[in-house]
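Since the model is a prediction, treat every value here as computed from it, not as a measurement.
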Amino acid sequence: MLVTWVTFIQAFLILLVKGTDQWSLRESSNCELNKKQSDLNSFLWTIKRNPPSYFYGTIHVPYTRVWDFIPENSKKAFQESNMVYLELDLTDPYTISALTSCQLLPQGGTLQDVLPRDIYGRLKRHLEYVKLMMPSWMTPDQRGKGLYADYLFNAIAGNWERKRPVWVMLMVNSLTEADIKTRGVPVLDLYLAQEAERMRKRTGAVEKVEEQCHPLNGLNFSQVIFALNQTLVQQESVRAGSLQGSYTTEDLIKHYNCGDLNSIIFNHDTSQVPNFNNVTLRPSEQITAQEIDSYFRQELIYKRNDRMGNRVKALMEEHPDNSFFFAFGAGHFLGNNTVIDVLRSQGYEVEHTPAGQPISR
């Protein structure tokens with residue numbers, strides 16, 4: 001089973017979202033899903049050149065949950081393009097090994113060496129709870145495919161004592177019943193990469209593993225401890241029945257299938273880290289939460305958008321006769337300082353492509 005960071009740092013890791021934001025997001029998700037082509041979502045943008053190239057916004061969920069709601073012209077753009085580029089090359093074994101190495105504590109260290117004793121104890125107890133519960137979380141379909149609880153737990157949480165606290169924090173967020181039920185099916189990004197290889201398209205990546213990994217390791221120790229503690233507080237509250245998960249895979253999938261181009265939702269998918277802002281935090285904790293949010297927004301969204309946009313430009317200039325299909329997390333195309341903004345600032349015309357609009361060959 002291929003387990004990459006995008007499958008266990010799930011798109012909906014939004015912890016403790018401010019009450020007003022949570023209400024507005026949940027209200028806006030009440031749309032009717034309609035498979036009529038003209039009513040489908042569109043996360044496709046056309047880069048006007050000859051031949052045309054495309055941006056496509058993905059989310060990190062099982063492709064089977066969204067594929068039927070992707071318009072035919074988006075699929076046509078994928079089929080017509082002869083070069084497919086993603087953020088990372090998810091089919092390259094080096095990508096997987098490099099991401100695994102990036103998550104480990106240096107010099108053979110362990111979490112017991114670096115975490116405060118109380119947090120380490122709470123973490124260990126929570127993981128024991130998850131391992132105990134996981135067999136009951138598995139679906140008959142998963143078991144029918146030969147996916148068993150012990151194997152899945154070890155695939156996600158194996159070697160957890162050797163991992164850096166920030167990665168353990170993200171791992172804990174993915175060890176929920178709703179997330180476990182989605183395992184065993186390729187996420188949309190990986191499915192597109194596999195299909196591109198099957199169709200013998202040239203594939204590639206616009207980022208290096210280190211460029212996605214190092215910013216996560218760049219938080220200082222006090223910020224990491226704050227983040228891990230808040231994560232455990234939330235999960236412990238869910239276990240005790242005093243809190244429901246603030247935002248789930250189902251919410252994200254429904255927004256995507258409804259074509260909700262709301263950057264509030266998808267920027268969390270793009271940065272792939274929680275939002276710790278919460279009105280119940282103490283003033284000093286609010287400051288820490290805002291610092292973390294600002295750091296990740298700058299490092300994992302704005303800086304990456306600029307770098308990705310410039311590499312897209314370089315690729316198109318290097319291969320002027322090829323049509324590209326660039327599939328990145330949807331948040332890279334929504335909000336401020338997007339990849340699209342970078343291309344437009346350099347003279348390219350990029351326009352949103354609604355469902356039903358014909359695709360040029």
*Pair Asn82, Ser323: side-chain N/O donor-acceptor within cut-off below 3.5 Å*: no

*asked:* For Phe296 and Leu219: C-alpha separation, side-chain torsions, deciding distance, then whether side-chain contact (heavy atoms from CB on, under 4.5 Å) applies.
replied: CA-CA 9 Å; Phe296 281 131; Leu219 280 181; 3.6 Å; yes

*So, the side chain of Asn154 versus the backbone of Asp150: is there a donor-acceptor pair under 3.5 Å, distance only?*
yes

*Distance-only, no hydrogens or angles: does the Gln234 side chain make a donor-acceptor pair with backbone N or O of Gln230 under 3.5 Å?*
no

*Compare every heavy atom of Val209 with every heavy atom of Leu88, then report the nearest pair and how far apart it is.*
CD2-N, 3.8 Å

*List the steps and the verdict of side-chain hydrogen bond (donor to acceptor under 3.5 Å, both in side chains) for Gln346 and Asn310.*
CA-CA 9 Å; Gln346 302 195 41; Asn310 283 303; 2.7 Å; yes

*asked:* Strictly distance-based, threshold 3.5 Å: is any side-chain N or O of Ser345 a donor or acceptor partner for the main-chain N or O of Val342?
replied: yes

*Using a distance-only test with no angle check, is there a side-chain donor-acceptor pair under 3.5 angstrom linking Thr182 and Asp179?*
no

*Side-chain heavy atoms of Val224 within contact of Met169, under 4.5 Å*: no

_Sub-4.5 Å side-chain heavy-atom contact between Pro52 and Ile47_ = no

*asked:* Under the criterion side-chain contact (heavy atoms from CB on, under 4.5 Å), I'd like the reasoning laid out for Ser174 against Arg183: C-alpha separation, chi angles, the key distance, then a yes or no.
replied: CA-CA 10 Å; Ser174 72; Arg183 301 308 176 106; 3.6 Å; yes

*Measure the NE2-CE distance between His319 and Met316 for me, rounded to the nearest 0.5 Å.*
11.5 Å

*How about Asn305 and Ile301: do any of their side-chain heavy atoms sit closer than 4.5 Å?*
yes

_Side chain proximity check, Val312 to Phe55, heavy atoms < 4.5 angstrom_ = yes

*Compute the centroid of each ring, for Trp67 and then for Tyr191, and state whether the two points are separated by less than 6.0 Å.*
yes

*Taking atom types as modelled and ignoring hydrogens, do the side chains of Arg143 and Thr139 form a donor-acceptor contact shorter than 3.5 angstrom?*
no

_NZ/NE/NH1/NH2 to OD/OE distance under 4.0 Å, Lys303 and Glu299_ = yes

*Measuring from Arg297:CZ to Ile292:CD1, what's the distance to the nearest 0.5 Å?*
13.5 Å

*Mark yes or no for whether Gln223, through its side chain, and Asn220, through its backbone, hold a donor-acceptor pair below 3.5 Å.*
yes

_Side-chain ion pair, Glu197 and Lys201, N-O less than 4.0 Å_ = no

*For Met138 and Leu147, which heavy atoms make the closest approach, and how far apart are they?*
CE-O, 3.1 Å

_To the closest 0.5 Å, what do you measure between NE2 (His352) and OG (Ser42)?_
3.5 Å

*So does Arg198 pair up with Glu195, basic N to acidic O under 4.0 Å?*
yes

*asked:* Looking at Arg164, I want to see if its CZ is surrounded by more than 12 non-hydrogen atoms of other residues, nucleotides or ligands under 6.0 Å.
replied: yes

Going by atom type alone, with no hydrogens or angles, which donor-acceptor pairs under 3.5 Å involve a side-chain atom of residues 123-136 and a protein atom two or more places apart or on another chain?
residue : atom : partner : partner atom : Å
His126  : ND1  : Arg239  : NH1          : 3.3
Ser136  : OG   : Met133  : O            : 2.7

*Evaluate the criterion side-chain contact (heavy atoms from CB on, under 4.5 Å) for residue pair Leu216 and Leu300; output intermediate values, then yes/no.*
CA-CA 8 Å; Leu216 282 164; Leu300 291 178; 4.2 Å; yes

_same_hphob_cluster(Val166, Phe221) at 4.5 Å side-chain heavy-atom cutoff_ = yes

_Looking at Thr91, is its backbone amide N or carbonyl O close enough to the side chain of Thr95 to form a donor-acceptor pair, meaning the two atoms are under 3.5 Å apart?_
no

_Minimum heavy-atom distance Cys213-Trp167, with the two atoms named_ = SG-CZ2, 3.6 Å

*asked:* Is it the case that the side chain of Asn73 and the backbone of Gln357 share a donor-acceptor pair, with hydrogens and angles ignored and the cut-off at 3.5 Å?
replied: yes

*Sub-3.5 Å donor-acceptor pair from the side chain of Asn257 to the main-chain atoms of Arg65, do we have one?*
yes

_Between Ile156 and Leu104, is there shared hydrophobic-cluster membership here, with clusters defined by ILVMFWY side-chain heavy atoms closer than 4.5 Å?_
no

*So, for Glu161 and Tyr120, which heavy atoms are closest and what is the spacing to 0.1 Å?*
OE1-OH, 2.8 Å

*Rounded to the nearest 0.5 Å, what separation is found between the CZ atom of Phe69 and the OG atom of Ser74?*
14.5 Å

_Please determine whether residues Tyr148 and Val185 belong to a single hydrophobic cluster, defined as Ile, Leu, Val, Met, Phe, Trp and Tyr linked transitively by side-chain heavy-atom distances below 4.5 Å._
no

_Nearest atoms (heavy-atom pairs only) where Gln142 meets Trp137_ = OE1-O, 4.4 Å

*asked:* Let's go through Val66 and Val61 carefully: what are the C-alpha distance in whole Å and the side-chain angles of both, what is the deciding distance for side-chain contact (heavy atoms from CB on, under 4.5 Å) to 0.1 Å, and is it a yes or a no?
replied: CA-CA 8 Å; Val66 297; Val61 301; 4.0 Å; yes

*Which value, rounded to the nearest 0.5 Å, describes the distance between Thr58 atom OG1 and Asp189 atom CG?*
3.5 Å

*Distance-only, no hydrogens or angles: does the Thr100 side chain make a donor-acceptor pair with backbone N or O of Ile96 under 3.5 Å?*
yes

*Classify the side-chain pair Tyr85/Glu207 by whether it contains a donor and acceptor separated by less than 3.5 Å.*
no

*Between Phe325, Phe324, Phe326, which is the residue that forms a ring pair (Phe, Tyr, Trp, His ring centres under 6.0 Å) with Phe78?*
Phe325

*Could you pull out the closest heavy-atom pair between Pro320 and Pro51, with the gap in Å?*
O-CD, 3.5 Å

*asked:* Can a donor-acceptor pair be found, under 3.5 Å and without considering hydrogens, that links the side chain of His332 to the backbone of Ala327?
replied: no

*Would you say the side chain of Ile359 lies within less than 4.5 Å of the side chain of Leu44, judging by non-hydrogen atoms?*
yes

*Under 3.5 Å, side chain of Ser294 to main-chain N/O of Gln290, donor-acceptor pair present?*
no

*Asp306 versus Val339: any side-chain heavy-atom pair under 4.5 Å?*
no

_Derivation of the salt bridge (charged side-chain N to carboxylate O under 4.0 Å, His left out) call for Glu87 and Arg304_ = CA-CA 10 Å; Glu87 296 172 27; Arg304 288 179 63 205; 2.8 Å; yes

*asked:* Any donor-acceptor pair under 3.5 Å linking the side-chain atoms of Arg122 with those of Asn229?
replied: yes

*Kindly say whether the aromatic ring centers of Trp45 and Tyr54 come within a distance under 6.0 Å.*
no

*Within the 6.0 Å centroid threshold, strictly below: Tyr56 and Phe328*: no

*Heavy-atom side-chain contact between Ile119 and Leu232 under 4.5 Å*: yes

*How long is the span from the CD atom in Glu318 to the CG atom in Asn322, to the nearest 0.5 Å?*
10.0 Å

*Heavy-atom side-chain proximity of Glu210 to Pro215 below 4.5 angstrom*: no

